[in-house]
Trainee: 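The structure is given below, and queries will be raised subsequently.
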Amino acid sequence: MSGDAAMESEIASQLARLASYQTLRLTHRGRKSGKRYEVTIWFVVDRDAICLNGNIDTQWPRNLQANPQLTMRIGQETFQGKAILVTERTDRERIFAMIAHKYWYAFPFIWTLRWLERNGFTKDRNAPFRVQIESADEAASSD
């Protein structure tokens, strides 16, 4: 197993242990001020990455588009990463399906919003992100 594959496997194992947590604490930087902000949000684990979704009209998704470097805390674990906005339709739908599965109790609300979007009653305001986790070495070099 190559070094990169071993690191990805280690990160995937670590994230799998944390996948059942309901929220994470996201620290990001303001797109204009550069100031650090924190929000508590839902997440899903996708192998060696974390997927987030927010409304594009709120601050944290807009900030991540401008400043993709972030820190996430899940339980006692802290991760550094880079957020990438997911634009591919099939990838977006996959993320929404994972969120609907994990947060089943919000499914009626999620389904209603998706139905309204698909039928032209509202615009899609979702901003799904895939966060690629950095190794400890990468995180130290980006500070």
Side-chain angles (χ1 to χ4, degrees), residues 3-5 7-143:
D4 286 344
M7 183 187 73
E8 286 176 15
S9 176
E10 183 180 323
I11 290 170
S13 295
Q14 190 176 16
L15 292 177
R17 289 190 301 273
L18 301 170
S20 65
Y21 281 71
Q22 292 297 297
T23 59
L24 63 75
R25 193 76 178 151
L26 171 69
T27 304
H28 61 288
R29 295 206 175 268
R31 63 193 174 285
K32 296 176 186 173
S33 68
K35 180 180 170 186
R36 292 170 57 99
Y37 293 98
E38 286 190 349
V39 294
T40 300
I41 57 173
W42 287 354
F43 73 99
V44 291
V45 171
D46 186 20
R47 296 179 297 274
D48 64 338
I50 291 177
C51 297
L52 313 171
N53 187 54
N55 182 309
I56 196 62
D57 298 322
T58 59
Q59 296 302 317
W60 73 262
R62 294 166 70 190
N63 289 341
L64 285 184
Q65 285 185 288
N67 298 316
Q69 289 301 128
L70 55 78
T71 302
M72 296 172 293
R73 190 172 66 247
I74 306 170
Q76 300 302 312
E77 303 286 331
T78 301
F79 301 93
Q80 305 290 322
K82 181 178 181 180
I84 301 163
L85 183 65
V86 177
T87 58
E88 175 61 40
R89 181 181 165 95
T90 55
D91 293 337
R92 291 169 64 90
E93 291 298 328
R94 195 163 118 338
I95 291 169
F96 299 145
M98 289 189 301
I99 290 170
H101 178 74
K102 181 175 181 180
Y103 301 99
W104 57 269
Y105 45 85
F107 182 77
F109 179 71
I110 293 169
W111 183 88
T112 301
L113 286 177
R114 301 296 291 150
W115 186 88
L116 290 169
E117 291 163 7
R118 280 191 212 107
N119 289 288
F121 294 104
T122 62
K123 291 180 93 176
D124 182 358
R125 306 307 298 157
N126 287 293
F129 290 89
R130 181 174 173 84
V131 180
Q132 208 54 56
I133 306 299
E134 297 176 347
S135 70
D137 295 336
E138 290 173 319
S141 69
S142 67
D143 286 340

Trainee: Under a 4.0 Å N-O cut-off, is there an ion pair linking D46 with R94?
Mentor: yes
Trainee: Which distance, rounded to the nearest 0.5 Å, do you find between the CG of L26 and the CE of M72?
Mentor: 7.5 Å
Trainee: For the atom pair CG (N67) and OH (Y37), what is the distance rounded to the nearest 0.5 Å?
Mentor: 11.0 Å
Trainee: With rounding to the nearest 0.5 angstrom, report the CD to CZ distance, Q59 to R31.
Mentor: 4.5 Å
Trainee: Assess whether side-chain contact (heavy atoms from CB on, under 4.5 Å) is satisfied between H28 and V39, documenting all intermediate values.
Mentor: CA-CA 9 Å; H28 61 288; V39 294; 4.2 Å; yes
Trainee: For the residue pair D48 and I11, what are the closest heavy atoms and their distance?
Mentor: O-CG2, 3.8 Å
Trainee: Can any side-chain N or O of K102 pair as donor or acceptor with the backbone N or O of V45 at less than 3.5 Å?
Mentor: no
Trainee: Distance alone, cut at 3.5 Å: any donor-acceptor contact between the side chains of T27 and E38?
Mentor: yes
Trainee: Between R92 and N126, which heavy-atom pair has the shortest distance, and what is it?
Mentor: NH2-O, 3.4 Å
Trainee: Can you tell me how far apart CD1 (I50) and CG (L24) are? Round to the nearest 0.5 Å.
Mentor: 6.0 Å
Trainee: Restricting to non-hydrogen atoms, name the atom on G34 and the atom on R29 that form the minimum distance, rounded to 0.1 Å.
Mentor: O-NH1, 2.9 Å
Trainee: When rounded to the nearest 0.5 angstrom, what distance separates CZ in F79 from CD1 in I74?
Mentor: 5.0 Å
Trainee: More than 12 non-hydrogen atoms from neighbouring residues, nucleotides or ligands closer than 6.0 Å to NZ on K82, yes or no?
Mentor: no
Trainee: Which atoms form the tightest heavy-atom contact between L85 and P128, and what is the distance?
Mentor: CD1-O, 3.4 Å
Trainee: Which heavy atom of L64 sits nearest a heavy atom of A83, and at what distance?
Mentor: CD1-CB, 4.0 Å
Trainee: Answer yes or no: is there a side-chain heavy-atom contact under 4.5 Å between V44 and H101?
Mentor: no
Trainee: How close do R62 and D57 get, counting heavy atoms only, and between which atoms?
Mentor: NH1-O, 3.8 Å
Trainee: Hey, could you give me the CZ/CG distance between R89 and D124, rounded to the nearest 0.5 Å?
Mentor: 9.0 Å
Trainee: How are the rings of Y103 and W42 set relative to one another: parallel (under 30°), tilted (30 to 60°) or perpendicular (over 60°)?
Mentor: parallel
